[in-house]
Trainee: 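Structure below; questions to follow.
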Number of protein chains: 2
Amino acid sequence: MADTGPDLEPEDRRRVVLKDVAALAGVSVKTVSNVVNGYVHVTPATRARVEAAIRELNYRPNLSARNLRQGRSGVIALAVPELDIPYFAELARLVVAAAEERSLTVLVDQTGGDRAREQLVAEGIRAHLIDGLIFSPLALTGEDLAARTDDTPMVLLGERIHHGPADHVVVRNVEAAREATLHLARLGRRRVAAIGAQDHPAAGTARLRLAGYREALAAAGLPADDGLVAPVAAYHRADGARAMARLLDRADPPDAVFCFNDLLALGALRTLLERGVDVPGDIAVAGFDDIEDGRYATPTLTTVAPDKEQLARRAVELLAERMAGAAPAAREIHVPHRLVVRESTAGRPARPAPDPAAAGRTS
Amino acid sequence: MADTGPDLEPEDRRRVVLKDVAALAGVSVKTVSNVVNGYVHVTPATRARVEAAIRELNYRPNLSARNLRQGRSGVIALAVPELDIPYFAELARLVVAAAEERSLTVLVDQTGGDRAREQLVAEGIRAHLIDGLIFSPLALTGEDLAARTDDTPMVLLGERIHHGPADHVVVRNVEAAREATLHLARLGRRRVAAIGAQDHPAAGTARLRLAGYREALAAAGLPADDGLVAPVAAYHRADGARAMARLLDRADPPDAVFCFNDLLALGALRTLLERGVDVPGDIAVAGFDDIEDGRYATPTLTTVAPDKEQLARRAVELLAERMAGAAPAAREIHVPHRLVVRESTAGRPARPAPDPAAAGRTS
DNA sequence: CTGAAAGCGCTTACAG
DNA sequence: CTGAAAGCGCTTACAG
């Protein structure tokens, strides 16, 4: 139509629209629309003619127009701190898969765990482009959430910050951390350390896992020694490696350590290896998340395995419900977890070892 | 407007549109549009009034409408086999970041490496929703690409399949594989194996890395023994673990192995550990990709490090150029790589070891 | 510097 | 079962 483009324009091959298909098939646009959208009341002959025309013209519906008309886009956003943190990468894969089953497309936001960016995401940087948001915040506060004005349906992954208006899908962090720590205590370890404490008020996960750790110490009759609780700036391998080094430098190093995620544990394992400390002989190590790396680590890593598949599936499900217009009170859904005991607390398997592939995805 | 919704409708709080803002600010919609889009010719006083109205009404532009009008969406798709394969996860993070610099949003497609799904992606499942596509295919053939009818701008990551119409951003695979293999040969290893060969014709990367491996053997004056070339079904840890086991079961096991990616190498390391084979003492191991896991593996992994940052950046750049209407001939861009020598070929570092954190992202 | 009006490509009541 | 027409919420020539 508008022939105002620069001279680079490929060809005069004008974009094919519904009307063109209708003209070629000799029907109204309504009928073409019906065929495209799979409505029932179209005679087979008409349908065939329309489909032939669609093929011949290579017509594709313009989704922006459809979205504008229908008031929805079929796109949801997944906002995570970093896409290449294995836990979030696995989650992303599962969310994309679960969304696809509902014909939803996933758009990705990376917040870097930065509060300002998380506020933007909560406030709807993509307002009207996305129909819903699955959000795993790191630094967002309850106040931020309460101040939210955007009304895009949202489901939060992770701890429930305050009692805001959003659905949450979570793991029972306190219980899971207690189980992991208790497992270490039952190995006969007396000085069980923790790696992963965090100061800032928004660090809900860290707080809950720390609480579970402390409950377990009490239950096992072990003294709580704050010197054995190592704070970290972030939850990457490097933080775990450094924290482990600090713990080893103490006069009374631990004989077990519960790391608040697997990445921290993998970093800790590396430090232990470099220092020549035997795992689990000298120090037993447990993590949290059950990322695939842990199944191939040296030694393989004992960890809390949340049901990530269900986490993703439930999140998409709750979101779809809200998107469909249901407006129940904010819900909090718990997904199951289990403790997976591997070599880092149970010793190396006798050779020949079980094929670690059996623990991985078969794909 | 249409008050036809079911009784669940939250409130009569009608969606705020441009017109409402214009009315409140006492200007025309054109002026509001100018303010929203940051055009220059608006008096400061007017701008302030409009901005106040936007805040008061909590107005957000409807992106679908804007897209429809402008003929573009500002959204690009990234299609990869699996989001939780570390290499693709790292790439995804970098692509999302690079896209953001250009105000582009990234939507993710997972193909599972399945040809049918890859054909769909190439044919534009999201036609008109996305302005462009960055695509890392696994099973797609040159014929598939030649048959492509969708004209969404596309940039391919990985090997150039045939000489189709698409831009490619690639690593010099043959050279890189040759360097890695030569490194092993220069350690004095005589029986250098390869893990990662693949049969199917679309496996361009496998073919090129195998070629580089063979070139290096010839250059080093080593005999080519096809029994030392291990094929794999996929490029996951489990495949590497199994392939390594097969190589070890031979009468004449290798004293070095070049794995076509890091995941295969990590699986191989696990098998070697279980079998009590010393790395690099008995067998030196090298990989390809430089994923973060390799920096914390036991031992740390020697690998070819492609400049992933540049890979992502260039891909987005080429795509943006095509999206802007430039239609040069298909381009093939090579990004640099380097061989990173670590413990798996160079032995363990003397204690105290360098902090592995220094090798990781600092974040 | 601002206003009034057309139109992007669909879907959807409303008629027939 | 199908047609003609309105309208989703923007942006953009076109006037002034």
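The structure presented is a predicted model; accordingly, all values stated were derived computationally and were not measured.
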Trainee: With the side chain of B:Pro61 defined as its heavy atoms from C-beta on, choose the nearest nucleotide among C:dG9, D:dC10, C:dT2.
Mentor: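 The nucleotide sitting nearest to the side chain is D:dC10.
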
Trainee: If you check the A:Val29 side chain, which of D:dC10, D:dA5, C:dA5 turns out closest?
Mentor: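 In terms of side-chain proximity for A:Val29, the closest of D:dC10, D:dA5, C:dA5 is D:dA5.
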
Trainee: Between A:Arg66 and A:Asn37, what is the shortest heavy-atom contact and its length?
Mentor: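 That closest heavy-atom pairing would be NH2-OD1, 3.6 Å.
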
Trainee: Between B:Ser33 and D:dC10, does any side-chain N or O lie under 4.0 Å from OP1 or OP2?
Mentor: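 For D:dC10, neither OP1 nor OP2 has a side-chain N or O of B:Ser33 closer than 4.0 Å.
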
Trainee: Between atom NZ in A:Lys30 and atom C1' in C:dC14, what is the gap in whole Å?
Mentor: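 For the pair A:Lys30 NZ and C:dC14 C1', the rounded distance is 10 Å.
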
Trainee: Measure the shortest side-chain to side-chain distance between A:Arg93 and B:Glu82 over non-hydrogen atoms and say whether it is less than 4.5 angstrom.
Mentor: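 A:Arg93 reaches B:Glu82 side chain to side chain.
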
Trainee: Regarding B:Arg60 and B:Asn58, is there a side-chain donor-to-acceptor distance under 3.5 Å anywhere?
Mentor: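 Indeed, the side chains of B:Arg60 and B:Asn58 share at least one donor-acceptor pair under 3.5 Å.
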
Trainee: Can you tell me the distance, in whole Å, between the CG atom of B:Asn62 and the P atom of D:dC8?
Mentor: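 To the nearest whole Å, that distance equals 11 Å.
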
Trainee: Using a strict threshold of under 4.0 Å (side-chain N to carboxylate O), is an ion pair present between B:Glu143 and B:Arg148?
Mentor: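 Result for this pair is no, no salt bridge flagged.
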
Trainee: Can you tell me if A:Thr31 touches the phosphate of D:dG3, counting only side-chain N or O atoms and a distance under 4.0 Å to OP1 or OP2?
Mentor: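 Checking D:dG3 against A:Thr31, a side-chain N or O does come within under 4.0 Å of OP1 or OP2.
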
Trainee: For B:Leu18 and C:dT2, what is the distance between atoms CG and P respectively, to the nearest whole Å?
Mentor: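 Spelled out: CG on B:Leu18 to P on C:dT2 is 14 Å.
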
Trainee: Give me the distance, rounded to whole Å, that separates D:dT12 from D:dG16 when you measure between the C1' atoms they each carry.
Mentor: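 It comes out at 16 Å once rounded to the nearest Å.
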
Trainee: Using whole Å, report how far CD of B:Gln70 lies from C1' of C:dC10.
Mentor: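 Answer to the nearest Å: 18 Å.
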
Trainee: Please determine whether a side-chain nitrogen or oxygen atom of A:Asn67 lies at a distance below 4.0 Å from atom OP1 or OP2 of D:dC8.
Mentor: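 No, A:Asn67 has no side-chain N/O under 4.0 Å of OP1/OP2 on D:dC8.
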
Trainee: Can you measure A:Lys19 atom NZ to D:dA5 atom P for me and round it to whole angstrom units?
Mentor: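 Distance, rounded to whole Å: 13 Å.
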
Trainee: Can you tell me how far P of D:dC8 sits from CG of B:Asp20, to the nearest Å?
Mentor: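 Taking atom P of D:dC8 as the reference, CG of B:Asp20 is at 12 Å.
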
Trainee: How close or far is atom P of D:dT11 from atom CG of A:Leu68, stated in whole angstroms?
Mentor: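 In whole Å, D:dT11 P lies 12 Å from A:Leu68 CG.
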
Trainee: Across all strands, who's sitting opposite C:dT2 as a Watson-Crick or G-U wobble pair, both distances under 3.5 Å?
Mentor: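 Looking at the geometry, C:dT2 pairs with D:dA15.
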
Trainee: Measure from CG on A:Asn37 to P on C:dA13 and round the result to the nearest Å.
Mentor: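 Computing the A:Asn37:CG to C:dA13:P distance gives 13 Å.
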
Trainee: As a quick check of understanding, evaluate side-chain hydrogen bond (donor to acceptor under 3.5 Å, both in side chains) for A:Thr141 and A:Asp144, giving each step before the final call.
Mentor: CA-CA 5 Å; A:Thr141 67; A:Asp144 293 333; 3.2 Å; yes

Trainee: OP1, OP2 of C:dT2 versus side-chain N and O of B:Asn34: anything below 4.0 Å?
Mentor: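 No, because none of the side-chain N or O atoms of B:Asn34 sits under 4.0 Å from OP1 or OP2 of C:dT2.
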
Trainee: Phosphate oxygens OP1/OP2 of D:dG9: is one of them under 4.0 Å from a side-chain N or O of B:Ser64?
Mentor: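 False: B:Ser64 side-chain N/O out of range (4.0 Å or more) of D:dG9 OP1/OP2.
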
